[in-house]
Each structure stands twice: as structure tokens, then as C-alpha cells.
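See below for the structure under consideration.
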Amino acid sequence: MSAINDTKFNPAVFFLTGIPGQEDVNLWISVPFCLMYVISIIGNSVILFIINTDPSLHEPMYIFLSMLAITDLGLSIVTMPTILGLFLFNSREISVDAEISYDACFAQLFFIHSLSYIESSILLLMAFDRFVAISNPLRYASILTPPRIARMGLFFVLRSVALILPLPFLLKRFRYCRANVLSHSYCLHQEVMKMACSDITVNSIYGLSIKLLMVGLDSLLIFLSYVMILKTVLSVASHAERLKALNTCISHLCAVLLFYIPEIGLSVIHRFGNSSSHFLQILLGYVYLLVPPLMNPIVYSVKSKHLRSRIIRLFIK
């Protein structure tokens, strides 16, 4: 019988999982999660407010930073309901699991994957921004004009949405007859597809293909951008000028590492990990979605003197 015809046998929900073995302290575990969400939302909102209201920050670097902040806000908002719902409100009914309907799960994974790939694209644009600023500073403003930035941003948003849009429909055609207990407190495509009793070859190949096309290609281009940046910097005679040029890249390098290390690690564990790597999978899952939105505004606020001074002025006056 086909996967489509078998959907009537599907249960109505997936079960989300918190941290195994720690069910009795779910309420306490929710405290750091709440703090991370509050800091993420306030931090990224402050970044957006300052960039939007200060004309001196309407430069390409800060426009890309505002795009990154919007994406991080989206990731926080998409994951917050299920993570906090699990740890805060589910202890009385089921100590380990919380329910999420199929449609809600598919919608959540669509937004999580779309926003993650958009963030990957924005990090690539920010690498291009640093390359142009260092290698061709006199033409920096003429190359990265606001209309051009808007077109590049729109292209990468549409690219991410177009490639992720088929995933919910590919998952919806399956029959799910397993326990339907997910490893995380949110939905991911690579995990949901393993709950299916049907052949998942198409989903597996398509998921791996878009991962290589998006994350693989973006990370490769970012690496090449920094090779060219390093080549340009080394050609500068002054040691002080070299350090000054490299210092403008530190914030972006931190953002790249915060995003790609857990992203790639989680993908590898989902596809090739065994039962012994279950706790690492859970840990990387939280790091992957919670740490970049938390740390990006902090890193940029600390490293950017202009942004830091505006934030201090905002809260002191």
C-alpha cells in the first residue's frame, strides 16, 4: 500500500523529548532556557533598534548585521513555544514527552531549516562584505549599495524557502507507525523522516543535497573569502594596518564558528551517529539553535566600538 493511502493509519502527533533522565528537574532546567531566550530577544531587538534609528550605522556591515539579527529573532520565536512548553508546563501530564501535531511539527521544521539556511547565506554575505571592505575600500560604498544589498538578501531568502518548501510535503506523504518519539524538543527533517515506515530514500538524498548545496557551498565560499582576505592583508606593509584589518573580521569569524560547528556536527550525528552519541546529539541540538542568537549580539556589541557606544548611550541617558 502506498505511503499516501496509509496516512489514515498515522497517529495524530509526534512526541518531543527533553533531557533524558532529568525529568524531575525540568522546571529548573527551564530557567537557563528562559534566560537565554530573554537575552536573545532583547539583544537582537536592541541591535535592530539602534541600527534602524542611527543614520551613521546605515552602512553595509550594519545592514547585514540587522539581517542576521532578524534571522536570529525568527529562530528564537520558532523554537521557543515547544522548548519552554516542554520544560515549563508538561511535568504533570507526561514527565518525558510533550505532544505536537503533525502539521505543527512540519511547519516548525520548515521555519527552522529555512531560517538556518538564511542565516548561513547572511554569513556568506557578511564574509563578502569584509572582503570588499579590506581588498577594495575606496569602492566599498559603491559596490555594496542598499539596493544591491536588498537584491542579494531577497535572492538568498527565496533560495532557502524554495529549497526547504518541498520537505513538509515529502514528509506528509509518509505513513508513521513507530513510537514517534523525537530526540529533541523541536522538529527537524532528518529526525522526523526516520519515524516513517515507508521508504525515505528520496527524503534522505534531497535533504543531503540541499545541505551540501546550502551549508557546504556557503561555508566553502566563506573559507575562500577569508583566504583572499588573508592574502590581501599580508600584502600590507604596516603591521598595525594588518592587525586593524584582521580585527574587523573577528566578530564575523566568531559568528561563523558559532553557527557552522554545531550545524555540521548535528548533521553528521543524525546521519552517522549511534546510540552512544545520543546525549551529544541532544546537546548539539540546543547549541545549534540557542547559542548563535544568544551570542551574536553580544559578540558584535563587544567588538564593534560604534555599536557599543550607541548601546551604552541608549541605556545610560
Legend entry - Minimum heavy-atom distance Ile229-Cys249, with the two atoms named: CG2-SG, 4.3 Å
Legend entry - Residue His306 excluded, over 12 heavy atoms near NE2 under 6.0 Å: no
Inset, instruction - Verify, without hydrogens or angle tests, whether Arg148 (side chain) and Ile143 (backbone) share a donor-acceptor contact under 3.5 angstrom. - result: yes
Inset, instruction - Flag the pair Arg173 / Asn203 as yes when at least one side-chain heavy-atom distance between them is below 4.5 Å, and no otherwise. - result: yes
Inset, instruction - Can you see which heavy atom on Ile311 is nearest to which on Ile50, and at what distance? - result: CG1-CD1, 3.2 Å
Legend entry - Whether Thr82 side chain and Ser185 backbone form a donor-acceptor pair below 3.5 Å: yes
Inset, instruction - Verify, without hydrogens or angle tests, whether Ser219 (side chain) and Val215 (backbone) share a donor-acceptor contact under 3.5 angstrom. - result: yes
Legend entry - Over all atoms of both residues, closest heavy-atom pair of Thr71 and Leu115: CG2-O, 3.2 Å
Legend entry - Pairs flagged by salt bridge (charged side-chain N to carboxylate O under 4.0 Å, His left out) wherever residues 53-76 is involved - sequence neighbours left out: Asp54-Arg310
Legend entry - Check: Asn247 side chain, Leu243 main-chain N or O, donor-acceptor pair, under 3.5 Å: no
Legend entry - Short side-chain to backbone donor-acceptor contact, Thr145 and Ser142, under 3.5 Å: no
Legend entry - Single-linkage hydrophobic cluster, 4.5 Å side-chain cutoff, Tyr286 and Val268 together: yes
Legend entry - Side-chain heavy-atom pair Phe110, Val161 within 4.5 angstrom cut-off: yes
Legend entry - Same cluster (ILVMFWY, side-chain, under 4.5 Å), Leu163 and Phe169: yes
Legend entry - Pairs flagged by salt bridge (charged side-chain N to carboxylate O under 4.0 Å, His left out) wherever residues 109-125 is involved - sequence neighbours left out: none
Legend entry - Close side-chain approach of Thr79 to Tyr37, heavy-atom, < 4.5 Å: yes
Legend entry - Ile250 with Val227, same ILVMFWY side-chain cluster at under 4.5 Å: no
Inset, instruction - State, yes or no, whether a side-chain contact exists between Met214 and Arg159 at a heavy-atom distance under 4.5 Å. - result: yes
Legend entry - Arg151 side chain near Pro147 side chain, heavy-atom distance below 4.5 Å: yes
Inset, instruction - For Asp129, enumerate each residue passing the salt bridge (Lys or Arg N to Asp or Glu O under 4.0 Å) test, keeping only those at least two apart in sequence or located in another chain. - result: none
Legend entry - Neighbour count above 12 (heavy atom, 6.0 Å) for Tyr226 OH: yes
Inset, instruction - Look at the side chain of His252 and the backbone N and O of Leu123, then say whether any donor-acceptor pair between them is shorter than 3.5 Å. - result: yes
Inset, instruction - For the residue pair Glu263 and Ser116, confirm or rule out a side-chain donor-acceptor distance under 3.5 Å. - result: no
Inset, instruction - Compare every heavy atom of Leu73 with every heavy atom of Ser45, then report the nearest pair and how far apart it is. - result: OG-CD2, 3.9 Å
Legend entry - Exam field: side chain Tyr186 to backbone Val78, donor-acceptor pair closer than 3.5 Å: no
Legend entry - Aromatic ring pairing Phe131/Phe128, orientation class (parallel under 30°, perpendicular over 60°, tilted between): tilted
Inset, instruction - Please answer: with hydrophobic residues joined when any side-chain heavy atoms are less than 4.5 Å apart, are Leu212 and Leu221 in the same cluster? - result: no
Legend entry - Side-chain donor or acceptor of Asn296 paired with backbone N/O of Pro292 under 3.5 Å: yes
Legend entry - Enclosure of Phe49 CZ (heavy-atom neighbours >12, cutoff 6.0 Å): no
Legend entry - Cys187 and Phe106, any side-chain heavy atoms less than 4.5 Å apart: no
Inset, instruction - Give the C-alpha distance, both sets of side-chain angles, the deciding distance and a yes or no for side-chain contact (heavy atoms from CB on, under 4.5 Å) between Met36 and Ile83. - result: CA-CA 12 Å; Met36 292 174 74; Ile83 293 178; over 6 Å; no
Inset, instruction - Looking only at non-hydrogen atoms, find the nearest pair between Thr201 and Asp199 and report the distance. - result: OG1-OD1, 2.6 Å
Legend entry - Pair His189 and Tyr206, ring centroids less than 6.0 Å apart: no
Legend entry - Closest non-hydrogen atom pair, Ser198 against Phe174: CB-CD2, 3.7 Å
Legend entry - Hydrophobic cluster identity match, Ile261 and Met295, side-chain contacts under 4.5 Å: no
Legend entry - Residue pair Leu188 / His113, side-chain heavy-atom distance below 4.5 Å: yes
Inset, instruction - Using a 4.5 Å cut-off on heavy atoms from C-beta on, say whether the side chain of Ile118 contacts that of Phe156. - result: no
